[in-house]
S.K.: 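Got a structure for you, written out below as structure tokens; questions coming shortly.
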Amino acid sequence: MLTQLINARILTPQGWLKDGSVLIRDGKILEVTNCDLAVIGAQLIDVKGMYVLPGGVEIHAHGGGGRDFMECTEDAFRGAVKTHMKYGTTSIFPTLSSSTVPMIEQAAETCTKMMAEKDSPILGLHLEGHYLNMAMAGGQMPENIKNPDPNEYIPIVENWHCIKRWDAAPELPGAMQFGKYITGKGILASVAHTQAEFEDIRTAYEAGYTHATHFYNAMPGFHKRREYKYEGTVESIYLMDDMTVEVVADGIHVPPTILRLVYKIKGVERMCAITDALACAASDSKEAFDPRVIIEDGVCKLADHSALAGSVATMDRLIRTMVQKADIPLADAVRMVSETPARIMGVYDRKGSLQKGKDADIIVMDEDLKIRAVWAMGKLVPETDTLS
């Protein structure tokens, strides 16, 4: 069926189109045009001058709707993904916190099966750990954390091609070998839960670590030891011009002023926004999947208040926070949840922008930046259409 969205303010890679239209057929974008004359035979959808935007590409989320990807089951994966799709996420890389090898293998089996389904929103698996610095573990399970072990990670990578990203602390013994190995297999290596300083980061970058996990969180900034001052992981990553960063743009993990600073220094091409959402996101749950975690002040924390432990954010909240609290232009805020993460994960050829021939992943937002409709692969996501 041919579908035409008309009377739209459309964000394209070339900028905004006013009073434009988008034609969708067979899950693909057939045309994006500044002419909204009705096409014969098309199902017309009048978006009444609202924003038509590329769907969100989520590269770091642990769960949602009461389900956690660490459950490793197909039912849990479907439940969490379905939840996030209602809020503007049209493709996703499910994330596991530090896990055991059997858990990784079970999740990878589920992920592989679901990736093979027609029009699947799941694009690959993201492993956040378990090769992290224990001193910066935050909400990670400490009993699973260890140094990189080639006898462990090589069989995992060789057996499970669904793994598209793996995070580690670069200062750990064996982390450079790990980074070189996984990047050689086409897996994104990301710096995470770390105490790395400049030399560590520079060496890591040369070994293939090109991305930073939840920038500013679980990593030190400028600090002092005795009378001397040292750059932290944050400043070191700023100095690596081509390193990309992700931020939990819920306005709590990183204050709006710092969101603005990251945007100012890294720019829209090297900064993307993530939810880092836990199972309790977009649910009625008052409890997190991890019994050590509480939900308070619109965020997940360790019960002893020693660290944040994930968010309850959804994709639409990221956009609102960046625009309404951090004063980032709407076009750039949207690019940071669509185009930039798609480029970082190597899927921009089919995701992340509204262009002819790309997947029809589209969200409609009103003036208040609330979701009014979501299409994933050209199909309207149930319960999202409030246009009429």
Side-chain angles (χ1 to χ4, degrees), residues 59-60 95 97-98 126-140 142 145-148 165-180 182-183 187-226 228-250 252-267 269-274 276 302 306-311 336 340-341 344:
I59 67 173
H60 188 154
T95 302
S97 295
S98 293
H126 165 212
L127 303 179
E128 186 187 3
H130 47 286
Y131 306 137
L132 308 175
N133 190 318
M134 185 69 80
M136 303 299 285
Q140 299 283 326
I145 292 175
K146 59 184 290 190
N147 293 335
R165 170 179 166 187
W166 203 331
D167 306 354
E171 69 273 22
L172 298 179
M176 293 304 118
Q177 181 186 357
F178 171 71
K180 287 175 183 174
I182 65 168
T183 53
I187 297 169
L188 178 72
S190 185
V191 172
H193 293 267
T194 175
Q195 290 185 321
E197 293 178 351
F198 182 70
E199 288 305 322
D200 300 311
I201 292 297
R202 181 163 64 182
T203 306
Y205 180 70
E206 290 167 354
Y209 289 85
T210 57
H211 188 66
T213 301
H214 45 51
F215 193 47
Y216 274 92
N217 295 119
M219 62 181 65
F222 180 72
H223 57 280
K224 190 173 156 182
R225 290 196 293 271
R226 293 180 54 119
Y228 296 109
K229 298 173 181 67
Y230 297 85
E231 73 291 333
T233 309
V234 169
E235 293 78 19
S236 303
I237 288 168
Y238 275 138
L239 289 168
M240 299 290 109
D241 290 343
D242 290 332
M243 270 192 93
T244 55
V245 302
E246 64 186 28
V247 288
V248 186
D250 60 357
I252 300 171
H253 275 76
V254 182
T257 49
I258 300 299
L259 286 175
R260 180 78 183 174
L261 177 66
V262 182
Y263 169 71
K264 188 173 183 179
I265 296 175
K266 279 294 182 182
E269 292 84 5
R270 293 182 179 88
M271 173 187 178
C272 73
I274 58 163
D276 196 10
L302 291 183
S306 62
L308 297 179
S311 91
M336 286 190 279
T340 307
I344 289 168

S.K.: Is there a donor-acceptor pair under 3.5 Å between the side chain of Glu235 and the backbone N or O of Gly232?
M.R.: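 Checked: pair present.
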S.K.: Can you confirm whether Ile201 sits close enough to Thr233 that some side-chain heavy atom of one is under 4.5 Å from a side-chain heavy atom of the other?
M.R.: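 Sidechains of Thr233 and Ile201: in contact.
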S.K.: Between Glu246 and Ala273, is there a donor-acceptor pair closer than 3.5 Å when you use the side chain of the first and the backbone of the second?
M.R.: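 Not a single qualifying donor-acceptor pair exists.
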S.K.: Can you tell me how far apart CG (Leu172) and OH (Tyr131) are? Round to the nearest 0.5 Å.
M.R.: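 So the CG of Leu172 and the OH of Tyr131 are separated by 10.5 Å.
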S.K.: Answer yes or no: is there a side-chain heavy-atom contact under 4.5 Å between Val245 and Arg270?
M.R.: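 With C-beta onward as the side chain, the pair stays apart.
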S.K.: Please report whether the ring centroid of Phe198 lies less than 6.0 Å from that of Tyr205.
M.R.: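 Here the rings of Phe198 and Tyr205 have centres that are no less than 6.0 Å from each other.
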S.K.: Trp166 side chain to Glu128 main-chain N or O, any donor-acceptor pair under 3.5 Å?
M.R.: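 Between the backbone of Glu128 and the side chain of Trp166 there is no qualifying donor-acceptor contact (under 3.5 Å).
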S.K.: Look at atom CZ of Phe222 and say whether more than 12 heavy atoms of other residues, nucleotides or ligands are closer to it than 6.0 Å.
M.R.: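 Counting neighbours around CZ of Phe222, more than 12 heavy atoms of other residues, nucleotides or ligands fall under 6.0 Å, so yes.
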S.K.: Can you see which heavy atom on Asp167 is nearest to which on Ala192, and at what distance?
M.R.: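 Nearest heavy atoms, Asp167 then Ala192: CB-CB, 3.6 Å.
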S.K.: When rounded to the nearest 0.5 angstrom, what is the spacing between CD1 in Ile344 and CD in Glu269?
M.R.: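 Separation between the atoms: 11.0 Å.
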S.K.: Closest approach of Cys272 and Ile59, non-hydrogen atoms and distance?
M.R.: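 Shortest heavy-atom separation between Cys272 and Ile59 comes out as SG-CD1, 3.7 Å.
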S.K.: Between the side chains of His223 and Gln195, does any donor sit under 3.5 Å from an acceptor?
M.R.: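 No pair is found: no donor N or O on one side chain lies under 3.5 Å from an acceptor on the other.
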S.K.: Using a 4.5 Å cut-off on heavy atoms from C-beta on, say whether the side chain of Phe215 contacts that of Ile258.
M.R.: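 No, side chains not in contact.
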S.K.: Grab the two heavy atoms, one from Ala175 and one from Ala169, that are nearest each other, plus how far apart they are.
M.R.: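 Closest pair (atom of Ala175, atom of Ala169, distance): CB-O, 3.5 Å.
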S.K.: Search all heavy atoms of Ala196 against all heavy atoms of Pro170 and return the closest pair with its distance.
M.R.: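 Here Ala196 and Pro170 meet closest at CB-CG, 4.0 Å.
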S.K.: Mind checking side-chain contact (heavy atoms from CB on, under 4.5 Å) for Ile252 and listing every partner two or more places apart, or none if nothing turns up?
M.R.: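 Partners of Ile252 by the side-chain contact (heavy atoms from CB on, under 4.5 Å) criterion, ordered by chain and then number, come out as Asp250, Val299, Arg317.
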S.K.: Is a side-chain donor or acceptor of Ser190 paired with a backbone partner of Thr213 at a separation under 3.5 angstrom?
M.R.: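 Present.
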S.K.: Could you check whether any side-chain N or O of Ser97 sits under 3.5 Å from a backbone N or O of Gln140, counting only pairs where one atom can act as donor and the other as acceptor?
M.R.: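 Looks like no, no N/O pair under 3.5 Å.
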S.K.: Would you indicate whether the side-chain heavy atoms of Met336 and Val262 approach each other to under 4.5 Å?
M.R.: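 No, every pair of side-chain atoms sits at 4.5 Å or beyond.
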S.K.: Using 30° and 60° as the class limits, which term best fits the ring planes of His60 and His126: parallel, tilted or perpendicular?
M.R.: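 His60 vs His126 ring planes: perpendicular.
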S.K.: Between Arg260 and Lys264, is there a side-chain heavy-atom distance shorter than 4.5 Å?
M.R.: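 No, too far: nothing below the 4.5 Å cut-off.
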S.K.: Please tell me whether His193 and His130 form a close aromatic pair, meaning their ring centres lie under 6.0 Å apart.
M.R.: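 No, the ring of His193 stays outside the 6.0 Å limit from the ring of His130, centre to centre.
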S.K.: Show the numbers, then the answer: is there a side-chain contact (heavy atoms from CB on, under 4.5 Å) between Val247 and His253?
M.R.: CA-CA 8 Å; Val247 288; His253 275 76; over 6 Å; no
S.K.: A side-chain contact here means heavy atoms from C-beta on lying under 4.5 Å apart; do Met134 and Pro142 qualify?
M.R.: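 With C-beta onward as the side chain, the pair touches.
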S.K.: With rounding to the nearest 0.5 Å, note down the distance linking OG1 in Thr244 to CE in Met271.
M.R.: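 One finds 12.0 Å between OG1 of Thr244 and CE of Met271.
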S.K.: Sub-3.5 Å donor-acceptor pair from the side chain of Lys266 to the main-chain atoms of Met243, do we have one?
M.R.: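 Pair found, side chain donor or acceptor close to backbone of Met243.
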S.K.: Is the backbone N or O of Asp200 less than 3.5 Å from a side-chain atom of Thr203, with the two atoms forming a donor-acceptor pair by type?
M.R.: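 A pair under 3.5 Å: no.
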S.K.: So Thr194 and Tyr209, do their side chains get closer than 4.5 Å, heavy atoms only?
M.R.: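 A side-chain contact is absent here, since even the closest heavy-atom pair is not under 4.5 Å.
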S.K.: Drop me the distance from Ile145's CD1 to Asn147's CG, to the nearest 0.5 angstrom.
M.R.: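 Spacing of CD1 (Ile145) from CG (Asn147) equals 10.5 Å.
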S.K.: Can you tell me how far CE of Met176 sits from CD of Glu171, rounded to the nearest 0.5 angstrom?
M.R.: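 If we round to the nearest 0.5 Å, Glu171:CD and Met176:CE are 8.0 Å apart.
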S.K.: Measuring from atom CE of Met136 to atom CG of Asn217, what distance do you get when rounded to the nearest 0.5 angstrom?
M.R.: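 Between atom CE of Met136 and atom CG of Asn217 there are 9.5 Å.
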S.K.: Of the non-hydrogen atoms in Gly129 and Ser98, which two are nearest, and what is the gap between them?
M.R.: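 Shortest heavy-atom contact: CA-OG, 3.8 Å.
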